Amino acid sequence: MKVLRYVFSGCLGLGLSAAGLMAMAASDGPPARGDDAKRNSKNGRLEAEVGGVDVVVTYGRPKVKGRSLWGDLVPHGKVWRTGADEATTLTLAAPAKIEGQVVEPGTYALFTIPNEKGWTVILNTQAKQWGAYKYDSDKDAVRVQVEPTQGDHVEALTFTADEGHLRLHWGKKVVPIRIQKAG
């Protein structure tokens, strides 16, 4: 059975493999996020093994607060930081396949382009940035298409993981991203 480690607002997550920690240390690991004390959208962190790859996701956790999300607060067809405040990051401790496309170990900004049906998921090599204001598509490592599904309501944006998928869940939208070890 896989053990998932969730870390929110300054708690310490445990359990990445020694090799995974070494690889993340070599890539400087995920960038630090600002202090939670004055944030409306608290910091979130997920540490998990997904498809045989140790991953760390750091992100801002906006809340729905009764707002209309998809197509309104988060416009369709535009690059979204996939969270709040700093760009969401995804750190891969080993070479991985993201929806079948090979990506080298390292830390990437995780952007999405939501649409009514399919979404584009982007890993961008410029991990340390605020939001998507200076997003540069020339620095994309990979762009893949995924199909979101409907789920139960989740108030604060949350990332979860299972054996082969990283999942973004906010409101009633669930966005699965397939990850597996390359090679």
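Side chains included, hydrogens not; waters and symmetry mates left out as well; all remaining heavy atoms used. All figures in this text were calculated on a predicted structure; none of them were measured in a lab.
- Residues Tyr108 and Thr125 form a side-chain contact, since some pair of their non-hydrogen atoms from C-beta on lies under 4.5 Å apart.
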Q.
Determine whether Thr88 and Arg81 satisfy the following criterion, side-chain hydrogen bond (donor to acceptor under 3.5 Å, both in side chains), listing intermediate values before the conclusion.
A. CA-CA 6 Å; Thr88 292; Arg81 71 180 95 192; over 6 Å; no

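- A salt bridge does not link Lys172 to Asp152: none of the charged nitrogens lies less than 4.0 Å from a carboxylate oxygen.
- Closest of all the heavy-atom pairs between Arg61 and Gly44 is CD-CA, 3.6 Å.
- Rounded to the nearest 0.5 Å, atoms CG (Leu157) and NZ (Lys173) are 13.0 Å apart.
- Closest approach of Gln129 and Ala109 over heavy atoms only: NE2-CB, 4.1 Å.
- In this structure the side chain of Trp70 reaches within 4.5 angstrom of the side chain of His76, judged on heavy atoms.
- By the criterion of side-chain heavy atoms lying less than 4.5 angstrom apart, applied directly or through intervening Ile, Leu, Val, Met, Phe, Trp or Tyr residues, Leu92 is grouped together with Val175 in one hydrophobic cluster.
- Rounding to the nearest 0.5 Å places CG of Leu123 at 12.5 Å from CD of Glu104.
- The line from OG1 of Thr89 to OH of Tyr59 is 11.0 Å long, rounded to the nearest 0.5 Å.
- Under the 4.5 Å side-chain heavy-atom criterion for ILVMFWY residues, a single connected hydrophobic cluster contains both Val146 and Val53.
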Q: Please assess Arg167 against Asp162 for the test salt bridge (Lys or Arg N to Asp or Glu O under 4.0 Å), listing each intermediate value before the final yes or no.
A: CA-CA 8 Å; Arg167 297 180 195 281; Asp162 61 28; 2.8 Å; yes

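- Atom-to-atom distance recorded for Ile98:CD1 and Arg143:CZ is 15.5 Å, nearest 0.5 angstrom.
- A donor-acceptor distance shorter than 3.5 angstrom exists from the side chain of Asn115 to the backbone of Gly77, with no hydrogens or angles considered.
- In this structure, Val56 and Arg45 have side chains that are in contact, with non-hydrogen atoms separated by less than 4.5 Å.
- In terms of heavy atoms, Pro105 sits closest to Ala94 at CG-C, 3.7 Å.
- For the pair Thr107/Leu90, no side-chain contact is recorded, criterion being any heavy-atom separation below 4.5 Å from C-beta on.
- Taken from CD in Glu155 to NE2 in His169, the straight-line distance is 11.5 Å, to the nearest 0.5 Å.
- Smallest separation of non-hydrogen atoms from Glu147 and Gly118: OE2-CA, 3.8 Å.
- Here the side chains of Ile122 and Thr112 are not in contact, with every heavy-atom distance at 4.5 Å or above.
- Panel note: side chain Asp136, backbone Asp138; a donor-acceptor pair is recorded below 3.5 Å.
- Cluster annotation: Val174 is not connected to Val57 through the hydrophobic network of ILVMFWY side chains, with a link wherever side-chain heavy atoms come within less than 4.5 Å.
- Hydrophobic clustering (ILVMFWY, side-chain heavy atoms < 4.5 Å, transitive): Val79 and Leu69 are in distinct clusters.
- Between Glu86 and Thr58 there is no side-chain heavy-atom pair separated by less than 4.5 Å.
- The closest donor-acceptor contact from the side chain of Thr158 to the backbone of Ala156 lies under 3.5 Å.
- With a 4.5 Å cut-off on side-chain heavy atoms, Thr120 and Gln145 count as touching.
- In the hydrophobic clustering of this structure, Val142 groups with Ile179; members are Ile, Leu, Val, Met, Phe, Trp, Tyr whose side-chain heavy atoms approach within less than 4.5 Å, directly or through other members.
- Taking CG of Asp85 as the reference point, atom OG of Ser41 lies at 5.5 Å (rounded to 0.5 Å).
- By the neighbour-count criterion of 12 heavy atoms within 6.0 Å, atom CD of Gln150 is densely surrounded, having more than that number from other residues, nucleotides or ligands.
- Counting only heavy atoms from C-beta outward, the side chains of Phe159 and Val55 never approach each other to under 4.5 Å.
- Considering Val121, Thr160, Leu46 as possible partners of Leu166, the one that fulfils the side chain to side chain contact (heavy atoms under 4.5 Å, CB included) test is Leu46.
- Side chains of Asp140 and Tyr135: a donor-acceptor N/O pair is present below 3.5 angstrom, by distance only.
- Aromatic ring orientation, Trp170 versus Trp80: parallel (interplanar angle below 30°, classes split at 30° and 60°).
- Across all their heavy atoms, Ala127 and Ala87 have their closest contact at O-CB, 4.3 Å.
- A salt bridge between Lys97 and Glu99 is absent, with no side-chain N of the basic residue lying under 4.0 Å from a carboxylate O of the acidic one.
- The two residues Lys134 and Gln126 make their nearest non-hydrogen contact at O-OE1, 4.2 Å.
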